[in-house]
2 protein chains.
Amino acid sequence: MDRKKEILEAATRSFSLFGYKATTMEQIAKIANVGKGTIYTFFENKEVLFQEIVRKMICEMKQEATDAIQEGASFQENAHAALMKMLEFRETHQLYAKIVDEEKDWRTPAVKQMLHETEQAIVTFIKEKIDKYVAKGELRQINSELVAYLLFKAYLAFINDWNVTHDESLPEVEIANFFQETIFRSLLV
Amino acid sequence: MDRKKEILEAATRSFSLFGYKATTMEQIAKIANVGKGTIYTFFENKEVLFQEIVRKMICEMKQEATDAIQEGASFQENAHAALMKMLEFRETHQLYAKIVDEEKDWRTPAVKQMLHETEQAIVTFIKEKIDKYVAKGELRQINSELVAYLLFKAYLAFINDWNVTHDESLPEVEIANFFQETIFRSLLV
DNA sequence: TAGATGACCGAAATGGTTTTCTGGTCATTT
DNA sequence: AAATGACCAGAAAACCATTTCGGTCATCTA
């Protein structure tokens, strides 16, 4: 049996269920049916193991976002679909959700770092799409990194923060229309 | 001597210097040269005293923002000036800065609430300016509340969060140009 | 003998207990 | 009538004994 794979699966399950802090190496070892020391022959330490797992999650997320994109669709349609998918992933996917909570509640440095890496991945993903649509001639030539950052922060604000100050969350259609009328509209050639 | 005023000044100084949590009623009384009980003849409790002080701060901030606005200037120029002034205030003004820190570090409910109220004040201020410029016919008819919220969150993101992930903060001119090319551009008639 | 293991270590976290602090009250004073 | 500060109960802090946990390494096993 592939011991490394067993360990990765066990660790993924435990991190997703309990978070980084509350997962112990001994627990992972037990779930993986492996001695604790064995983990250290495959992974330098707990943090590196965690990084590997989060990075795998980032790949899955990017895959889902890619699947949400349709070749023929407009930039606005695709950007909206991809961002919504990734922000949905952020709330739905056990591991991602746990990381977000843990960063808020405990500020574990390892978690903070991987959360940043995940968000950076989203921004970069969007940036690449922008560059593609600029090359296609559908979008004006703008600083794609800034626009990607703006889109991410803006979507996050309307989807995550809005109902902190307002008692009902905005319907997705309203968000889509609003962004069409503001940001997206200004990006078209 | 006006005892209420003395108390307010003492409390303002203490809240600004040490924050809400670390300020004690006894300390305020001592600074104000007043018995502790006297405070309670003017203010229902610590929270209410704090609210009054923060609300006064909000007024000052709105005044500064108003001063930054020029009657003849474009919406973009005025919105930028006002937002920058208020976000600068957020970092410069002792009390505001302390509140932001304390909300992050301790999550005192009273502080959280007043921080929300302050941010809401900024959004409302911007919303009113938008409405004015819409009435003037300089801006398209859009949902001013959503736009105000977007502008606030976007400016906050670029001025406060940007250098968390990037090692140098964006120059103000670059921010101004960027928002001109994205959000503001889309708001014009 | 190479890879796996778990007892072991020091540092950090936890939890329970005692002590101090502080918001708010109110009997007394001015 | 207004001001005061001793006082109270509950919250927070300080303290410390005990446990937990990441990581190591001498031993084991296949």
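The sequence lines fix the lettering, A, B, ..., with proteins before strands; numbering per chain opens at 1.
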So if I take every side-chain heavy atom of B:K36 and compare against D:dA6, D:dG22, C:dA4, which nucleotide ends up nearest?
D:dA6
Between A:E102 and A:R107, is there a side-chain N and carboxylate O pair less than 4.0 Å apart?
no
Can a side chain N or O of B:T41 be found less than 4.0 Å away from OP1 or OP2 on D:dA2?
no
So B:F184 and B:F75, would you call those rings parallel, tilted or perpendicular, with 30° and 60° as cut-offs?
perpendicular
In this structure, how many angstroms lie between the P atom of D:dC25 and the CD1 atom of A:I39, rounded?
17 Å
Is there a side-chain contact between B:T24 and the phosphate of C:dT22, meaning an N or O under 4.0 Å from OP1 or OP2?
no
Going by atom types only, do B:Y149 and A:D161 share a side-chain donor-acceptor pair under 3.5 Å?
no
Whole angstrom value for the distance that separates P of D:dG5 from CD1 of B:I28
16 Å
For C:dT14, take OP1 and OP2 only and decide whether either is under 4.0 Å from a side-chain N or O of A:K21.
yes
Nearest whole angstrom, please: distance from the C1' of D:dA6 to the CD of B:E26.
10 Å
Between the side chains of B:E103 and B:H116, is a donor N or O closer than 3.5 angstrom to an acceptor N or O?
no
Which one, D:dA3, D:dC7, D:dG22, comes nearest to the side chain of B:R3?
D:dA3
Given DNA chain D, 5'-ward residue of the pair B:V34 and A:E47, judged by closest heavy atom
B:V34
